[in-house]
Amino acid sequence: MTGALFEYALRMGDSCLILGHRVSEWCGHAPAIEEDIALANTALDLIGQTQMWLGLAGEIEGKGRTADNLAYLRDARDFRNLLLVERPNVDFAHTIVREVLFDLWHFHTLGALQASADARVAAIAEKALKEVSYHLQRSADLTIRLGDGTDESHSRMRAALDALWPYAGEMFLEDDIDVALAETGVGPALGTVKPLWEADMRRMLDQATLSWPKSSHVQKGGKTGVHTEALGYVLADMQFLQRAYPGATW
Amino acid sequence: MYAQLVKTDGHGVKSLDEMDPQERAFQERIDDNQKIEPKDWMPEGYRKTLIRQISQHAHSEIVGQLPEGNWITRAPTLERKAILLAKVQDEAGHGLYLYCAAETLGVSRDELLAQLHAGKAKYSSIFNYPTLTWADIGAIGWLVDGAAIMNQVPLQRCSFGPYSRAMIRICKEESFHQRQGYDIMMKLSAGTEAQKAMAQDALNRWWWPSLMMFGPSDADSVHSAQSMAWKIKQNTNDELRQKFVDQTVPQAEFIGLTVPDPDLMWNEEKGGHDFGEIDWAEFYEVLKGNGPCNAERMAARVKAWEDGAWVRDGLNAYAEKAAARKTVTQTAAE
């Protein structure tokens with residue numbers, strides 16, 4: 001159980017960290033000032049959630065590793081984030097589609113985790129859910145508006161949805177870790193998040209005049225540390241100072 | 001504040017006797033420390049000067065996201081990353097409400113941005129310097145935000161109401177920014193030899209450009225007198241620069257860093273520091289567009305604007321469709 005919860009906390013924390021990193025890359029380059037502010041705010045929330053999840057992971061592990069140690073001193077094979085969140089920003093459409101696919105999963109997952117048998121997990125979920133509700137409201141709203149905007153905004157959203165859809169399936173693949181946590185009531189009950197996600201996604205895509213993507217192929221590997229090539233570059237960037245000046249405090 | 005050279009459109013400061021009755025009444029309100037509000041009558045020169053100053057300030061906040069944003073993905077700890085994100089987000093927020101303050105004077109944000117992108121509007125020269133190491137993020141917070149606060153505190157008493165009120169909000173956040181910058185420098189100065197060297201190098205590179213932020217010396221500052229008569233500006237460039245030097249030198253000493261000025265010396269008689277001559281040739285070169293990063297900064301902003309066009313168009317198109325749908329629904333219901 002302890003090992004499973006450690007892995008689970010890494011999965012949650014790493015997904016927040018890597019998505020926060022991607023979103024923060026927009027800083028100063030967004031389509032409007034309001035978006036610069038909102039994107040920075042989203043990234044900030046995700047980094048805060050990273051500190052909580054990786055802090056919990058370090059505590060469970062009991063080897064004295066802090067959230068910073070886990071974020072800055074692991075290599076790509078030890079990262080447990082979903083492949084979806086490491087996909088590059090490409091354009092604003094890819095950024096928003098990646099966000100909404102994740103936010104909707106994040107929202108329902110945290111909703112379930114609020115009732116976790118582990119009080120620490122429930123507390124993190126409760127705090128994070130307030131922020132994620134706002135992330136979802138924003139990304140869903142932008143998806144609808146840009147999907148049903150101009151021909152160009154529609155086709156860009158269409159292209160982004162088709163490109164990222166294969167990475168959404170990994171969120172619902174349940175493995176031994178998920179089973180172990182579901183059995184003890186620490187994680188969400190198996191199979192509960194997917195139907196909620198699908199129902200909401202269907203409604204949202206309808207409103208956005210975007211059809212449900214045809215592909216049912218699932219790209220997987222993130223939860224077990226087999227990533228896309230993109231992650232190595234994210235880590236090279238993120239971990240540079242900690243790697244170049246070993247042992248220094250900042 | 002990040003406005004270094006604001007033209008005033010005046011031909012010298014008029015005395016009350018030289019003014020027509022309307023202008024005289026306006027000047028008397030200013031002399032009486034009353035706030036001027038957007039709907040009040042104001043001389044055209046006052047309006048134009050304010051638009052220039054507020055928009056320069058707003059542009060600086062927006063362009064200023066870039067040098068610091070450059071280090072968000074590389075911040076050395078999660079906490080430093082979160083603090084830097086919050087800070088840069090604040091800068092964008094400052095830009096937003098400064099554009100709003102400028103809009104009360106009858107110019108739109110889009111017009112002001114078009115001027116920026118066409119290279120017709122200025123922003124602070126400081127943001128045309130590169131952030132090469134993590135210590136530069138500390139130096140920017142400590143020195144650049146420190147210099148900005150020095151300018152902005154008196155602007156809270158500016159005669160134009162919306163600008164004055166924006167400054168009150170901005171100043172609260174800027175003092176947090178300065179503290180976080182100094183905190184980075186303090187940590188580096190207490191760190192390894194490499195970290196200390198990094199901190200000293202950042203101070204060496206940012207010191208003089210920070211002093212330039214106050215603009216030309218009073219002797220060469222042709223627009224100051226009118227701005228001061230209008231209480232758009234409350235202190236001269238040299239007064240504020242002196243105050244900044246006197247405040248900052250002991251802070252550098254406290255963390256064991258050396259200010260890169262061989263002429264720097266305490267002057268007991270004037271109760272302040274004497275300091276060396278600024279390289280004004282460099283200052284004017286950077287203002288002309290020849291600083292190390294002018295081209296990159298402008299290119300980044302123009303690209304952000306152009307790449308974002310389809311997003312803004314898409315959102316507008318949706319808003320129009322939604323409004324049309326609402327009208328149809330209302331008509332059907334009637």
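Sequence lines set the chain letters: A, B, ... in the order given, protein chains first and strands last, and positions in each chain run from 1. Keep in mind that this is a model prediction, so the values were computed, not measured.
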Revision key, fill the gap. Those residues of residues 239-250 of chain A that come under 4.5 Å of chain B on a heavy-atom basis, listed by number, are A/Phe240, A/Leu241, A/Gln242, A/Tyr245, A/Ala248, A/Thr249, A/Trp250

Exercise for review: Measure up the B/Trp142 and B/Tyr182 rings against each other and bin them: parallel (under 30°), tilted (30 to 60°), perpendicular (over 60°).
Suggested key: tilted

Point to revise | Heavy-atom neighbours of B/Glu173 CD exceed 12 at 6.0 Å | key: yes

Revision key, fill the gap. Whatever's closer than 4.5 Å to a heavy atom in chain A on B/Trp310 counts as both

Practice item. Run the salt-bridge test on A/Arg158 and A/Asp151 with the 4.0 Å N-O cut-off and return the result as yes or no. Key: no

Point to revise | Shortest non-hydrogen separation from A/Cys16 to A/Trp53 and the atoms involved | key: SG-CD1, 4.2 Å

**Study point:** Structural part of B/Met198 lying under 4.5 Å from a heavy atom of chain A
**Key:** side chain

Check your understanding: Side chains of B/His59 and B/Gln115: donor-acceptor distance under 3.5 Å anywhere?
Key -> no

Point to revise | B/Trp305 and B/His117 aromatic ring geometry - parallel, tilted or perpendicular at 30°/60° bounds | key: tilted

Point to revise | Side chain, backbone, both or neither of A/Ala236 within contact of chain B (heavy atoms, under 4.5 Å) | key: neither

Practice item. Inspect the contact between B/Glu79 and B/Lys187 and indicate whether a charged nitrogen and a carboxylate oxygen are less than 4.0 angstrom apart. Key: no

Let me check something: any side-chain donor-acceptor pairs from residues 313-320 of chain B under 3.5 Å, sequence neighbours excluded? List them with distances.
residue	atom	partner	partner atom	Å
B/Asn316	ND2	B/Arg312	O	3.3

Practice item. For the residue pair B/Asn128 and B/Ser125, confirm or rule out a side-chain donor-acceptor distance under 3.5 Å. Key: no

Practice item. Let me know if A/Ala71 has heavy atoms under 4.5 Å from chain B in its side chain, its backbone, both or neither. Key: side chain

Check your understanding: chain B heavy atoms under 4.5 Å from A/Leu17: which part of the residue, side chain, backbone, both or neither?
Key -> side chain

Review point. Counting heavy-atom pairs under 4.5 Å to chain A, which of B/Arg80, B/Lys81, B/Lys321 comes out on top?
Key: B/Lys321

Review point. Is there a donor-acceptor contact under 3.5 Å linking the side chains of A/Thr228 and A/Glu86?
Key: yes

**Study point:** chain A contact via B/Gln195 - which portion, at a heavy-atom distance below 4.5 Å
**Key:** side chain

Exercise for review: Please flag which part of B/Val88 lies under 4.5 Å from any non-hydrogen atom of chain A: side chain, backbone, both or neither.
Suggested key: side chain

Point to revise | Engaged part of A/Arg156 at the chain B interface, taking heavy atoms whose separation is under 4.5 Å | key: side chain

Point to revise | Contacting moiety of B/Leu78, where chain A heavy atoms sit under 4.5 Å | key: both

